[in-house]
Number of protein chains: 2
Amino acid sequence: MKRKADQAVDPGVTVVTARSRAPAGSTERKRLTPDERERLIAKEAVSFFAKHGFEGQTRELAKQIGITQPLLYRYFPNKEALIERVYQEVFVGRWNPLWEEWIEDRSRPLQDRLATFYKDYARTILSYEWVRLFMFSGLKGLDFNARYLGLLRDRVFVRVARELRHAYGQPTLDELPMTETEAETIWGLHAAIYYVGVRRWIYGLPVPDDLDGLITGKIAAFLGGVSAVVGKGELHRGISNN
Amino acid sequence: MKRKADQAVDPGVTVVTARSRAPAGSTERKRLTPDERERLIAKEAVSFFAKHGFEGQTRELAKQIGITQPLLYRYFPNKEALIERVYQEVFVGRWNPLWEEWIEDRSRPLQDRLATFYKDYARTILSYEWVRLFMFSGLKGLDFNARYLGLLRDRVFVRVARELRHAYGQPTLDELPMTETEAETIWGLHAAIYYVGVRRWIYGLPVPDDLDGLITGKIAAFLGGVSAVVGKGELHRGISNN
DNA sequence: ATGTTAATTTATCGTTTGATCACTATTTGG
DNA sequence: CCAAATAGTGATCAAACGATAAATTAACAT
């Protein structure tokens with residue numbers, strides 16, 4: 001879940017810096033170091049814009065942080081820069097480079113690798129902040145989402161396709177580039193998982209508790225479908241209608 | 001696609017009402033009947049809010065329509081009422097009651113019924129306006145989306161589940177209520193289709209041309225998966241591992 | 001303690017935005 | 001052809017909003 005020692009500062013309760021003496025559970029909250037303050041603002045901006053969208057007002061954000069609105073402008077030149085920081089924080093900062101390694105670790109069965117990857121990836125992207133910020137960003141109309149998903153395609157989809165080809169003894173991606181059908185199949189798996197987050201955090205609907213179980217099931221169905229189409233079934237119990 | 005004689009008025013070119021004489025291809029656009037004007041505003045509001053979100057400004061909307069901003073307030077008491085009208089127009093007005101009948105028409109094979117329904121339903125909900133307005137609405141935080149999806153559940157999901165039970169000789173929904181697994185499976189099909197619209201209209205990504213083909217494929221995979229789990233396969237070529 | 005540095009606040013500016021009202025001008029009935 | 005009815009506009013208000021600058025006050029070094 002947490003990747004770096006990035007949890008920084010806990011707001012709300014009195015912040016005890018290296019320099020300040022603790023003034024006993026008071027509500028004072030003044031004079032953090034620039035570094036602490038900036039991280040605190042960034043952290044609160046993530047939660048704030050995830051809730052209210054990027055048109056949320058800086059005054060309200062400041063109130064949530066417990067500071068005055070002009071202070072925001074000491075740490076960020078304008079609102080747009082603050083939003084840019086939110087993008088970095090969530091979409092760049094929460095990417096785990098290990099994901100790519102997990103998928104192509106052929107010492108493990110493919111189904112296990114996919115399950116491991118998707119469970120962990122889902123824990124990251126199926127959060128209130130990730131789901132909503134990504135959607136707000138998409139609706140805003142910039143090309144950010146397209147760029148992110150291009151990266152997802154290059155780093156994840158291509159690897160999954162490659163491993164599927166390998167597992168089922170198909171031509172390599174060099175010999176035959178990923179087909180639209182393959183891409184759509186992988187999109188389908190991705191959609192099924194991501195949509196759980198949309199239902200939960202955007203539509204406000206209840207979703208199954210056992211997310212890991214759901215993912216395991218989706219992956220099994222995914223591989224079952226692939227194996228049925230490919231006409232081989234080494235991975236699962238055989239279907240072989242060929 | 002079009003359900004009623006609801007296309008109303010074509011803006012842009014001079015509107016020729018029953019009463020007005022055509023002033024030759026001029027750019028005049030004044031004095032519609034209240035009925036025409038209201039419908040025109042509603043129609044433009046749909047496209048405007050779908051593009052800019054509900055925080056889009058009334059002045060900009062007025063400019064798109066080619067009227068002054070105060071005129072909006074002659075036909076709608078405030079912005080919120082205009083937005084409410086947009087909801088009615090798109091989410092209520094575009095619902096086709098026949099959908100429910102198609103699903104439960106047992107004179108046809110289930111796969112055909114599902115394909116017919118989902119192709120037509122997809123044509124409705126996979127539009128720029130529907131996809132984006134639904135997402136804007138969800139992010140806004142009202143319970144509208146939850147209510148709509150509750151309706152979708154009652155009118156569609158329940159019927160699909162009932163027909164599946166019937167097709168595979170399972171207990172009726174009265175005997176055994178829809179299980180979470182069944183609901184999730186249907187959600188999965190729904191998600192796979194709807195997400196194509198999200199990719200297209202929110203992320204701005206290219207999607208396959210052949211939507212009907214994609215839907216047919218998803219339904220085949222859906223039924224294949226169901227039949228595999230249920231352990232029967234009258235519908236498809238048999239798998240029967242039981 | 002005391003002065004210096006700078007983190008934070010108070011006050012405020014210029015726009016934007018939803019909404020209102022008085023006025024204009026087009027249509028229609030007699 | 002004229003006058004009542006009303007669709008539509010111009011002017012403007014009050015609150016909201018991003019941003020700036022001057023005043024304040026907390027922290028640290030001496």
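In this text, all values refer to a predicted model and were calculated from it rather than measured experimentally. Each chain gets a letter, A, B and so on, in the order the sequences are listed, and its residues count up from 1.
- Put simply, CZ on A:R37 is 12 Å from C1' on D:dA26, counting in whole angstrom units.
- Computed from coordinates, the A:E60 CD to D:dA15 C1' distance equals 15 Å when rounded to whole Å.
- For A:T68 and C:dT8, the shortest distance from a side-chain N or O to OP1 or OP2 is not below 4.0 Å.
- Rounded to an integer number of Å, the gap from B:D35 CG to D:dG8 C1' is 17 Å.
- For B:A191, the side-chain contact (heavy atoms from CB on, under 4.5 Å) partners are A:Y195, not counting sequence neighbours.
- Considering only side-chain atoms of A:I67, the nucleotide from D:dA7, C:dT9, C:dG18 that sits closest is C:dT9.
- If you measure from atom CD of B:E55 to atom P of D:dG18, you get 11 Å, rounded to the nearest angstrom.
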Output side-chain donor-acceptor pairs under 3.5 Å for residues 49-56 of chain B, partner residues at least two apart or in another chain, one line each.
residue : atom : partner : partner atom : Å
B:H52   : ND1  : B:F48   : O            : 3.2

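- Rounding to whole angstrom units, CD1 of residue A:I65 and P of C:dA7 are separated by 16 Å.
- Listed nucleotides: C:dA6, D:dG18, C:dT26. Nearest to the side chain of A:K79: D:dG18.
- Counting distance only, with no hydrogens placed and no angle test, the side-chain atoms of A:R31 and the base atoms of C:dA6 include a donor-acceptor pair under 3.5 Å.
- Of the residues in residues 69-78 of chain A, those lying under 4.0 Å from DNA chain C by heavy-atom distance are A:P70, A:L71, A:R74, A:Y75.
- In this structure, a donor-acceptor pair under 3.5 Å is absent between the side chains of A:W187 and A:E182.
- Distance B:E38 CD to D:dT6 P: 16 Å, rounded to the nearest Å.
- Between A:R59 atom CZ and C:dA11 atom P the separation is 14 Å, expressed in whole Å.
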Donor-acceptor contacts under 3.5 Å from residues 144-154 of chain B side chains, at least two apart:
residue : atom : partner : partner atom : Å
B:N145  : OD1  : B:S137  : OG           : 2.7
B:N145  : OD1  : B:G138  : N            : 3.1
B:N145  : ND2  : B:F134  : O            : 2.8
B:Y148  : OH   : B:Y121  : OH           : 3.1

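- Every residue was checked against the side chain to side chain donor-acceptor pair (under 3.5 Å) condition with B:D212, not counting sequence neighbours, and none meets it.
- Note: NZ (A:K63) to P (C:dT10) measures 14 Å, nearest angstrom.
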Can you give me every donor-acceptor pair (side chain of residues 66-73 of chain A, partner residue at least two apart or in another chain, under 3.5 Å) with its distance?
residue : atom : partner : partner atom : Å
A:Q69   : NE2  : A:T58   : OG1          : 3.1

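- One finds the CD1 atom of B:I41 at 6.5 Å from the OH atom of B:Y75 (value rounded to the nearest 0.5 Å).
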